[in-house]
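All remarks here apply to the structure that follows.
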Amino acid sequence: MTCACAAFPATVPTADTYYASCQQGLYNGRAPGRNIAESEDGFYITAGNYLYFLDLTQGKALPLCSKPNCLHAQEAAAPEACNAYFFPFDSVGAPVFYTDGKLYVFTYTAASPFGKRQLALTEVSADGAARKDLYTFSTSELGASSRMLVHRGCFYVVLRQMTETDVSYSVWQYPLDKKGEPKCLLSSADVPDYINFDHIYAADDYLYFLADLTASSEPVSLRLSIPDRTLERLYNIGDAGHWISETRVYGDTLFNIVIALERQTSDVDGYVQRQGESEPSFWGTLPLGQIVADDLYVYQLDLYYDTAASRKSLRIYTQTGALLMEYPVEDEIPDYRNLYVGKEQVLLSAKDNSAYWYFDKSDIPSGIPQWKRIVLE
């Protein structure tokens, strides 16, 4: 798809219908993956070829299928006949998003022959009974689930254009209601200093993402204004070997995770509080791991493969840095992988995505989480 990038005002609703700006990143971030979305009633996840609803009230994970007598994963003869069946985008599961009472799943289309399938953003009703493909893409245009998200009524995606001698990138906006045409917000042809756009995140009227400097391949953090397409370079560590691996926004804090086991923060306009200029921020002192936040707490989970952690734990802090809970999660869930934080629950996934453990946030003041386990049926 060619990016013309003519001047235009992009359509941007003024508010999210469900996500708060600090919460969207909890499901769309690079570390946890994008195979989980929270609705008003619970969580939707994709695992393998199926879309599930986690019913926390019943303690069950149910395939999102409304067909009577459907055997779901046991439909060996024609598994695609199940309403919950999707051709997964990657091994973790298809990216899934929820907004305004509907689900949006990014998956392979079923109609095209194997080896020539297109990818589609598919709208799914909350009960799984109805689905339709909104937009389709060639497999060469998409790189990873970290290059897409749903924000304020639109699907945003980084598309890749490949030739025999060159690769270029562009950022596109697709209205979910299809009342407007897709719009190109940015093309690498317009900003030749940057290449390889990735790890996209949205907050308010901005898209945050990483790009490589064309001259040095050093990753830098960029902010793109959705209404006027103004691009800003927000952050540059500047020290050799200290390369950004992802960027998140929580409230009014821009949070950068650095490959060299270092965390740095700035305000959302990119002012960096460097060592020596001020006291180190609480965010910068957190242990390495998966780090997410909500309006009350900051959550840090030791990486499951971190050999330096003698006893892998889940830590929960106040926004000002007071430690409320340090729980040896490896003792309870030895095969854990990823951390997800919802409005009222904290979840951990199993290694193979076959089960989820969760506890209620109301357990946090006591310091002892009451874990519950849900196995995917």
Side-chain angles (χ1 to χ4, degrees), residues 18-19 23 26-29 31-67 70-75 79 82-86 88 90-98 103-105 107 124-129 145 290 292 294 297 299 301-304 312-314 316 325 327-364 366 368-377:
Y18 186 68
Y19 287 121
Q23 292 171 321
L26 309 189
Y27 314 108
N28 294 339
R34 303 193 176 191
N35 68 313
I36 184 168
E38 186 180 14
S39 73
E40 298 87 348
D41 301 316
F43 293 87
Y44 294 90
I45 65 166
T46 57
N49 290 85
Y50 290 88
L51 174 62
Y52 293 86
F53 176 68
L54 294 186
D55 188 336
L56 303 186
T57 60
Q58 297 187 45
K60 294 182 178 180
L62 307 172
L64 195 66
C65 177
S66 58
K67 288 186 175 180
C70 183
L71 299 178
H72 313 304
Q74 281 69 51
E75 293 277 7
C82 174
N83 281 346
Y85 186 91
F86 287 86
D90 56 32
S91 58
V92 175
V96 58
F97 310 97
Y98 174 88
L103 294 160
Y104 297 90
V105 182
T107 181
V124 184
S125 61
D127 62 359
S145 59
Q290 290 185 22
V292 294
D294 57 24
Y297 305 115
Y299 308 79
L301 176 67
D302 287 333
L303 299 173
Y304 65 89
K312 299 179 180 64
S313 297
L314 170 67
I316 302 177
M325 177 188 295
Y327 190 82
V329 67
E330 193 175 31
D331 294 351
E332 181 84 21
I333 311 169
D335 62 343
Y336 78 90
R337 280 302 178 268
N338 291 315
L339 169 69
Y340 307 90
V341 178
K343 284 183 175 291
E344 298 180 3
Q345 286 84 25
V346 178
L347 295 84
L348 290 179
S349 67
K351 175 182 177 181
D352 58 1
N353 240 18
S354 63
Y356 281 76
W357 287 259
Y358 72 94
F359 63 87
D360 295 327
K361 289 184 180 179
S362 58
D363 295 341
I364 293 175
S366 72
I368 303 175
Q370 303 299 314
W371 293 98
K372 306 174 185 68
R373 182 171 178 255
I374 293 181
V375 178
L376 274 59
E377 296 184 354

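Everything numeric in this text was worked out from a predicted model, so none of it was measured.
A donor-acceptor distance shorter than 3.5 angstrom exists from the side chain of N49 to the backbone of F86, with no hydrogens or angles considered. Judged by distance alone, with hydrogens and angles left aside, the side-chain atoms of E332 form no donor-acceptor pair with the main-chain N or O of W371 at under 3.5 Å. No side-chain donor-acceptor contact under 3.5 Å links N338 to the backbone of S349. Under a 3.5 Å cut-off, the side chain of Y44 and the backbone N or O of A126 do form a donor-acceptor pair.
Separating the OH atom in Y52 from the CG atom in L64 is a distance of 11.5 Å, to the nearest 0.5 Å. Atoms CZ and CG, from R373 and L348 in turn, are 13.0 Å apart once rounded to the nearest 0.5 Å.
The two residues V329 and L314 come nearest to each other via the heavy atoms CG1-N, 4.1 Å. In plain terms, the two heavy atoms of Q345 and Y358 that are nearest each other are CG-CD1, 3.9 Å. The two residues F53 and D41 make their nearest non-hydrogen contact at CZ-O, 3.5 Å. For the pair A94 and V105, the tightest heavy-atom approach, listed with the atom from each and the gap, is CB-CG1, 3.7 Å. The two residues D302 and K312 have their closest heavy-atom pair at OD2-CA, 3.4 Å. Shown here for G342 and E38, the closest heavy-atom pair between the two residues is CA-OE1, 3.2 Å.
For D127, the side-chain contact (heavy atoms from CB on, under 4.5 Å) partners are S125, A129, not counting sequence neighbours. Every residue meeting the side-chain contact (heavy atoms from CB on, under 4.5 Å) condition with K60, not counting sequence neighbours, appears here in chain and number order: Q58, L62, E377.
For an aromatic pair to be called close, the ring centres must be under 6.0 Å apart, and Y50 with Y85 satisfies this.
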